[in-house]
Trainee: 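Got a structure for you, written out below as structure tokens; questions coming shortly.
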Amino acid sequence: MDLKITCIPGDGIGPEIVAEAKKVLDVVAEKYGHDMQYTDILMGGASIDVHGVPLTEEAVETAKSADAVLMGSIGGDTTTSPWYKLPPNLRPEAGLLGIRKALNLFANLRPAVLYEELAGACPLKEEISAAGFDMMIMRELTGGLYFGERKTVEENGVRKAIDTLTYDENEIRRIAIKGFDIARKRRKKVTSVDKANVLDSSRLWRSVVEEVAADYTDVTLEHMLVDNCAMQLVKDPAQFDVILTENMFGDILSDEASMVTGSIGMLASASLNDTKFGLYEPSHGSAPDIAGKDIANPIATILSASMMLRYSFDLDREADAIDAAVKQVLQDGFRTGDIMFEGCEQVGCKRMGDLIVERIK
Ligand code: NAD
């Protein structure tokens, strides 16, 4: 397969972790007979320094012309970096919001996996963590409360703030289809999370999800109220496969699920549009405190590259090879500083990349 990938190294540890992900992709390409071509674009602080803006039109056009985008992370130290003296629309994060909008990325995927080897980092009781878990949180990213009309008014001397939560059936249907498609690549179970006992938007959500489910009879659908889901994530996380939910609920639940894994340097993510196109990036930030020291954990970015192969290119065998190599490296006792455990060997960013590459070869 000939694949054109736009890379956004970004800021902080971004360039270091993207370099390791490219190394891993290259060895996969060599082993399985693909041709991967990368074009780098600037975004965030790196783009501000060169172009004065966090994202240029040319950069967006380059991203659009690719088959997928692989990103490191953007942003600097928000208290000391001069980027944060700029108006909000010119700060690094505006680049990320801009590219998500330009590429119409409405579906956000965040896997939360507890590896057996890292169970000690899980803050849950041992009898719960011992079972491990592997879930995918699928969050609607461009609708709902964060995009509704909002205003603050004063009525009879009392300040009043109004936020609106709207979803139309098309917005719900397209994310539900993505959720069921992803479930088909996994354990074939969707938990749709809403607040249908209170909200009209949730009642519509539930009924559209049921309509979509009719086309996926091989996938099990269950509904769960968001408050219950927040509890179940810490009580019995192993029950979940794909959690499908709207923007605000997904924002909160995906952070909860990440915390339960205990290892931020391991968490990948993807944002997809209604074709196979997606932007893949680690869930963590640019970690300016450790940038340039060769100590960042590149695994979240490497697993994001694996998601790119699986979800944008349907290269499941190649993605499985990366996931298995990551697991093997952990089993062999190698750790970066953020996931270091007594008795393991601590390695840097580049060495971790090399160890994963060796296990794919
Ligand atoms: P962060 O995720 O960058 O760092 C939080 C802590 O985790 C730090 O101690 C850091 O050293 C550590 N850490 C993060 N990733 C790591 C890795 N791969 N290996 C080892 N340790 C790792 O969050 P922050 O400090 O709140 O934010 C720093 C910058 O990143 C800010 O400018 C923020 O806006 C930006 N940010 C960007 C994104 C993105 O690009 N999508 C996401 C979140 C934050």
Side-chain angles (χ1 to χ4, degrees), residues 6-21 24 41-49 54-55 59 63 69-86 88-101 103 105 108-110 115 118 121 139 141 250-251 254-255 258-259 261-271 278-305 307 326 329-330 334-341 344 346-353 355-356:
T6 292
C7 290
I8 308 176
D11 307 314
I13 59 170
E16 301 166 53
I17 54 184
V18 168
E20 297 316 302
V24 168
I41 59 171
L42 296 177
M43 197 172 94
S47 175
I48 296 172
D49 289 347
L55 180 68
V69 179
L70 179 67
M71 184 178 133
S73 188
I74 50 122
D77 184 321
T78 49
T79 48
T80 58
S81 164
W83 299 328
Y84 295 92
K85 304 236 171 350
L86 296 166
N89 64 326
L90 290 178
R91 290 182 192 170
E93 288 68 20
L96 186 55
L97 295 178
I99 202 160
R100 281 186 179 149
K101 195 165 172 222
L103 300 175
L105 304 171
N108 182 244
L109 265 80
R110 272 173 65 173
Y115 292 89
L118 300 180
R139 164 189 171 195
L141 205 57
D251 187 8
S254 59
D255 270 9
S258 321
M259 276 314 297
T261 68
S263 330
I264 191 172
M266 300 289 299
L267 299 170
S269 88
S271 302
L279 181 148
Y280 297 82
E281 58 172 325
S283 293
H284 57 72
S286 60
D289 52 330
I290 58 166
K293 297 182 179 162
D294 190 32
I295 56 174
N297 185 349
I299 294 181
T301 317
I302 290 168
L303 292 174
S304 302
M307 287 180 80
V326 166
V329 163
L330 297 176
F334 296 103
R335 303 279 190 275
T336 43
D338 58 313
I339 51 171
M340 184 57 191
F341 248 72
C344 293
Q346 188 163 338
V347 297
C349 182
K350 286 187 189 143
R351 174 102 172 98
M352 181 54 93
L355 289 164
I356 293 169

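A quick note: this is a predicted structure, and the numbers were derived from the prediction, not measured. Both counts, for ligands and for their atoms, begin at 1 and track the order of listing.
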Trainee: Is it the case that more than 12 heavy atoms not belonging to M259 sit under 6.0 Å from its CE atom?
Mentor: no
Trainee: Residue by residue, ordered by chain and number, which ones reach under 4.0 Å of ligand 1 with a heavy atom?
Mentor: I13, M71, S73, I74, G75, G76, T78, Y84, E93, L96, I264, E281, H284, G285, S286, A287, P288, D289, I290, A296, N297, D338
Trainee: Strictly by modelled atom types, are S286 and D11 linked by a side-chain donor-acceptor pair under 3.5 Å?
Mentor: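 Short answer, no.
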Trainee: Is there a donor-acceptor contact under 3.5 Å from the side chain of D77 to the main chain of D289?
Mentor: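 Judged by distance alone, no pair lies under 3.5 Å.
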Trainee: With distance as the sole test, does D338 use its side chain to make a donor-acceptor pair with the main-chain N or O of I264 at under 3.5 Å?
Mentor: no
Trainee: Does R91 reach the main-chain N or O of L86 with its side chain, forming a donor-acceptor pair under 3.5 Å?
Mentor: yes
Trainee: Would you say the side chains of W83 and D49 form a donor-acceptor pair under 3.5 Å?
Mentor: yes
